[in-house]
Q: 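Provided herewith is a single structure, encoded as structure tokens, for subsequent inquiry.
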Amino acid sequence: MSSYDENESKFWRKAKENPFVPVGMAGFFAIVGYRLLKLKDRGDTKMSVHLIHMRVAAQGFVVGAMTIGVLYSMYKEYIVKPREQQNAVKNK
């Protein structure tokens with residue numbers, strides 16, 4: 001039981017460090033679910049084309065979330081942290 005709690009806390013810790021990972025996962029599953037629901041109404045579109053469009057949309061969302069996450073991490077590391085260090089030096 002304790003290993004389950006450790007795994008759960010590890011997930012939440014990672015989610016707090018990189019908040020766009022859960023966003024990317026949720027977006028991926030939302031797009032796949034939506035496209036699977038639209039599968040019935042695809043009309044004359046071939047199944048393979050529909051699945052390719054679904055895959056490209058889901059991957060595009062995940063790549064976008066990862067890019068925003070990297071930019072956010074860089075912002076925190078290279079802009080926010082130096083400002084805090086400068087303010088700490090000024091306040092001493």
Q: Side chains of Q85 and V89, heavy atoms from C-beta outward: is any pair under 4.5 Å?
A: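 They are not in side-chain contact.
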
Q: Hydrophobic side-chain clustering at under 4.5 Å (ILVMFWY, transitive links): who's grouped with L36? Put none if nobody.
A: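 So far as hydrophobic clustering goes, L36 is joined with F28, F29, V32, L39, M47, L51, M54, V62, M66.
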
Q: Could you identify which residues cluster with M74, counting Ile, Leu, Val, Met, Phe, Trp and Tyr as linked when any side-chain heavy atoms lie under 4.5 Å apart, either directly or through a chain of such contacts?
A: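 Other cluster members: V70, Y78.
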
Q: Over all heavy atoms of both residues, which pair between G24 and A65 is shortest? Give the atoms and the distance, please.
A: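 That closest heavy-atom pairing would be CA-CB, 3.8 Å.
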
Q: Write down the atom of F20, the atom of G69, and the distance for their closest heavy-atom approach.
A: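 Looking at all heavy atoms of both residues, the closest pair is CD1-CA, 3.4 Å.
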
Q: Rounded to the nearest 0.5 Å, what separation is found between the NE2 atom of H50 and the CG atom of D41?
A: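 Taking NE2 in H50 and CG in D41, the distance rounds to 9.5 Å.
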
Q: Please name all residues satisfying side chain to side chain donor-acceptor pair (under 3.5 Å) with R42, sequence neighbours left out, ordered by chain then number.
A: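 Side chain to side chain donor-acceptor pair (under 3.5 Å) list for R42, sorted by chain: empty.
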
